[in-house]
Amino acid sequence: MDATTPIASQIPCQQCAAPLPVQQGTRFVTCEFCGATNFVDKARAVFHYALQQTVRETDALAALRRWMAGNQTVKGLDAAAKIDPLQFEYFPMWLVRTKQKGDEQLFLQPAAALSISDLKGETIPVASLVPYDHALDAAAVEPTVPYEAMITWLKEEQNIADTAISEVSLVHLPLFVGKYEYKGERYTAIVDAATSRVFANIYPSKWEAPYFTIAAIAFVVYFCASMGPLAGYTMGGGEGFMLGTILYLVIAVIAAIPIFIAAAYISSKV
Ligand SMILES: [Zn+2]
């Protein structure tokens, strides 16, 4: 061993405070004394957990197709989309427990870049967390968002001071990444492999413009027809008013038919 060999720094274990021998480049460290799994970020170790995968690939694919057939997405997406084979991975998230004025709160922030910009509403069943196992290494995405960046985000975006943070841990979540093609465009959706929930922020959605067009046409038709009684009264007094009213009712009933058909047609298409 020569003098240029980097000396392993020692960081106390998050659970028992025994020194963890940390080699340069090693970030997932299991304590040899208490067995706690630690994630090492610069001069700091945090608890390292994983959520177990409970959803198989075939079930994740079924969940993705159900979401595609659902109300959020364009009609027929489930049949028309060409889905690539799902990619399984353990995705890193920072899990922060805070306490402010006796109020406990959990924050979940991606610890790496994600093709979906946010896992909005994602929750972690904390009771189901297990210590991270090195058997997951091959499928685990390496964290790229540093601890410090996450703390800064909490302070600036959520107004959480460091002093309010009671615990920080790194959690690897099991996910299926589903890439698919629809009408020449590529999209990505994520299926949580613990809950089957589907996340996507860009996807072929329902087209709402035709509904607005029909509503506008209907408004103009009814507005003009409603002028009938007034026009009739101006031209022929009481009798003209009667005729105008009858004309208005006839137009209203007749106009309702094409408007209803057009709306039904559009809703069957989108
Ligand atoms: Zn330990």
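Counting starts at 1 for both ligands and their atoms, following the listed order. Quick caveat: nothing in here was measured; it's all calculated off a predicted structure. For the single chain, residues carry numbers from 1 onward in sequence order. Hydrogens, waters and symmetry mates play no part in the numbers below; they use all other heavy atoms, side chains included.
- Atom CD1 of I246 sits about 10.5 Å away from atom CZ of F241, to the nearest 0.5 Å.
- The distance between the ring centers of Y180 and Y187 falls below 6.0 angstrom.
- Within the structure, no pair that satisfies the side chain to side chain donor-acceptor pair (under 3.5 Å) test touches residues 235-253, not counting sequence neighbours.
- Ion pairing between a basic and an acidic side chain is recognised when a charged N comes within 4.0 Å of a carboxylate O; D59 and R66 show no such pairing.
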Quiz: residues 166-173 side-chain donor-acceptor pairs under 3.5 angstrom, not counting sequence neighbours:
residue : atom : partner : partner atom : Å
S166    : OG   : R97     : O            : 3.0
H172    : ND1  : H48     : NE2          : 2.9
H172    : NE2  : V141    : O            : 2.9

Side chains of residues 151-158: which donor-acceptor pairs under 3.5 Å do they make with residues two or more places apart or in other chains?
residue : atom : partner : partner atom : Å
T152    : OG1  : E148    : O            : 2.8
K155    : NZ   : D162    : OD1          : 3.3

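- Legend: protein N/O/S atoms lying under 2.8 Å from the Zn ion (ligand 1), waters omitted, number 4.
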